[in-house]
Amino acid sequence: MKKLIVALTAGLMLEGIGSTGFSAAGQAATSWKTVSTKSYHHIAYYVKTTKNEYMWDLKHTKKIHNLKHYPRTTWYVYKRVKLQHGKKSGYYYELTDNKDKIKGLVYRSYLTKGDNPDDAFAHSAVVKSYGGGLAGIKSVRESAKLQADILALFPGTILNNSYSNDARNDLNAGASKTAKYSKLNKNSTAIGIFTPYNWTSTSSKTNYTKLAAAVLNAQGYTASKRAKYKGYQIGIYATPHGSTSAYHTWPSGYGSFGIYLVPTGDSKLF
C-alpha cells in the first residue's frame, strides 16, 4: 500500500512537470520582444532558396508564407527589427511585396540585397524610367490609372502608346526647359493639350477625373468638343506622385498631363 501511494505521488509530480513544460513552450511562441528598430526607404531584396524558409507575421507569432514559393518576387524592406527571446536574439526585416499586399518578418540571413534577377517587372525599362524600385513601380501603376481616367474623357479615341511617350516627353520638356521636344510637337495635324506643371493642392482623396475634366473645360475642351475626336489616335501622359523615396509626400507636378490628338489617317499605330 505504501509503495502504491509513492507511485501515485510520483505520477502526479510527473504530470505536473509535463503540464508546466507545455505551457512554457506555448508561451515561447509569443514572447519575442523588440529590442531595437531601424527604418529604411524600401530597399530591394530577394530570397534564393528551395528550402522551407518562412515569413512570420509582424508580431512573430505564426508563419504566414513559405519563401520558396516566391522565386521571382522582389521584396522591399522598410524596417530592421532586432528581436529577443530569453538568451536568443536575431535581426529580422519587415518587408512587403510590390503591391503592398503581403507584409511580414523575414530572418535577415535569408535575404540577398537587390532586385530579384527573375523579376521582369522590377527590371523593366518603364519602371526604371521612373527611378526604379518600389516607388518606380507605384509610379508606373498610378500613371496608367491616370491615363485611363483621361482616356475615358475622350470617348471613341484610340490610345497610341507612341504618342503617349511623346506627350510625356513634351510635358517634361516644358517643365525642365532644357529637354528637346518630340517631332509630334511640330506636327501640324497634332493637337496638343498640356497643363501647368504645378498642381500642388491635390491629395489622396482628390477625384482625378473631375480635376482633369475641369482643366480641359477651362481650355475649351468641353464634353461636346471632346466627343468630336471620336476615331482619333490619342496619346496621354499624366504625372504620378513621384518616383523618389518620399513618394507619399505629394510632390509638385502630380496630376499634370499632356495629350496629343491626331487624325487616324495621319497616324502611325506603333
Side-chain angles (χ1 to χ4, degrees), residues 120-121 123-132 135-200 202 206-244 247 250-270:
F121 194 22
H123 290 280
S124 68
V126 64
V127 168
K128 290 182 178 180
S129 74
Y130 283 94
I137 289 172
K138 287 183 175 181
S139 293
V140 169
R141 288 187 173 130
E142 185 174 52
S143 181
K145 179 183 180 302
L146 301 182
Q147 181 187 69
D149 290 341
I150 293 176
L151 181 62
L153 295 172
F154 289 84
T157 55
I158 304 166
L159 185 63
N160 184 307
N161 290 330
S162 177
Y163 293 166
S164 294
N165 289 335
D166 288 329
R168 177 180 179 178
N169 179 85
D170 294 345
L171 179 67
N172 291 333
S176 68
K177 299 179 181 177
T178 57
K180 294 182 180 179
Y181 286 94
S182 69
K183 293 181 180 179
L184 194 60
N185 180 265
K186 300 177 183 179
N187 187 333
S188 60
T189 65
I191 300 168
I193 309 170
F194 291 85
T195 68
Y197 200 82
N198 60 356
W199 290 14
T200 56
T202 58
T206 298
N207 185 317
Y208 188 79
T209 299
K210 289 183 178 179
L211 186 61
V215 173
L216 289 167
N217 290 338
Q219 293 192 34
Y221 293 93
T222 61
S224 58
K225 185 173 182 178
R226 296 196 301 270
K228 295 179 181 180
Y229 294 110
K230 181 179 180 180
Y232 273 58
Q233 301 287 313
I234 188 170
I236 305 169
Y237 171 71
T239 307
H241 288 118
S243 59
T244 66
Y247 177 85
W250 313 97
S252 174
Y254 164 71
S256 301
F257 60 79
I259 298 171
Y260 274 123
L261 291 158
V262 182
T264 295
D266 298 319
S267 298
K268 294 180 180 180
L269 290 176
F270 301 101

Are side-chain heavy atoms of Y130 and P240 found at a separation under 4.5 Å?
yes
Residues in salt bridge (charged side-chain N to carboxylate O under 4.0 Å, His left out) with D170, at least two apart?
none
Side chain of T239, backbone of G255: donor and acceptor closer than 3.5 Å?
no
Roughly how far, to the nearest 0.5 Å, is CZ of R168 from OH of Y260?
15.0 Å
Would you call L159 and Q147 a side-chain contact if the rule is heavy atoms closer than 4.5 Å?
yes
Rounded to the nearest 0.5 Å, what separation is found between the OG atom of S182 and the CG atom of N172?
11.5 Å
Closest non-hydrogen contact found for A212 with L153 is CB-CD1, 4.0 Å
Check: K210 main-chain N/O paired with D149 side-chain donor or acceptor under 3.5 Å
no
Mind checking the CD1-CD1 spacing from I259 to I236? Nearest 0.5 Å is all I need.
6.0 Å
Test item: N185 side-chain N/O and Y181 main-chain N/O as donor-acceptor pair under 3.5 Å:
no
Note, V262 side chain near L184 side chain (heavy atom, < 4.5 Å):
yes
Looking at every non-hydrogen atom in both residues, tell me the closest pair between S124 and F121 and how far apart they are.
OG-O, 2.9 Å
Find the distance between CZ (F257) and OH (Y237) and round it off to the nearest 0.5 Å.
13.0 Å
Side chains of Y254 and L146 in contact at under 4.5 Å (non-hydrogen atoms):
yes
Report yes if the side chains of P155 and K230 come closer than 4.5 Å at any heavy-atom pair, otherwise no.
no
What's the shortest heavy-atom distance between A167 and G258, and which atoms?
CB-O, 3.4 Å
Could you report the tightest heavy-atom contact between K128 and H123, atom names first, then the distance?
CE-O, 3.5 Å
Quick one: pull up CG in L211 and CD1 in I150 and give me the separation to the nearest 0.5 Å.
9.5 Å
Contacts of type side chain to side chain contact (heavy atoms under 4.5 Å, CB included), residue Y221, not counting sequence neighbours
I191, I193, L216, Q219, K225, R226, Y229
Sub-3.5 Å donor-acceptor pair from the side chain of S143 to the main-chain atoms of S139, do we have one?
no
Do the side chains of I158 and Y232 get nearer than 4.5 Å, heavy atoms only?
no
When rounded to the nearest 0.5 angstrom, what distance separates CD1 in I234 from OG in S164?
8.0 Å
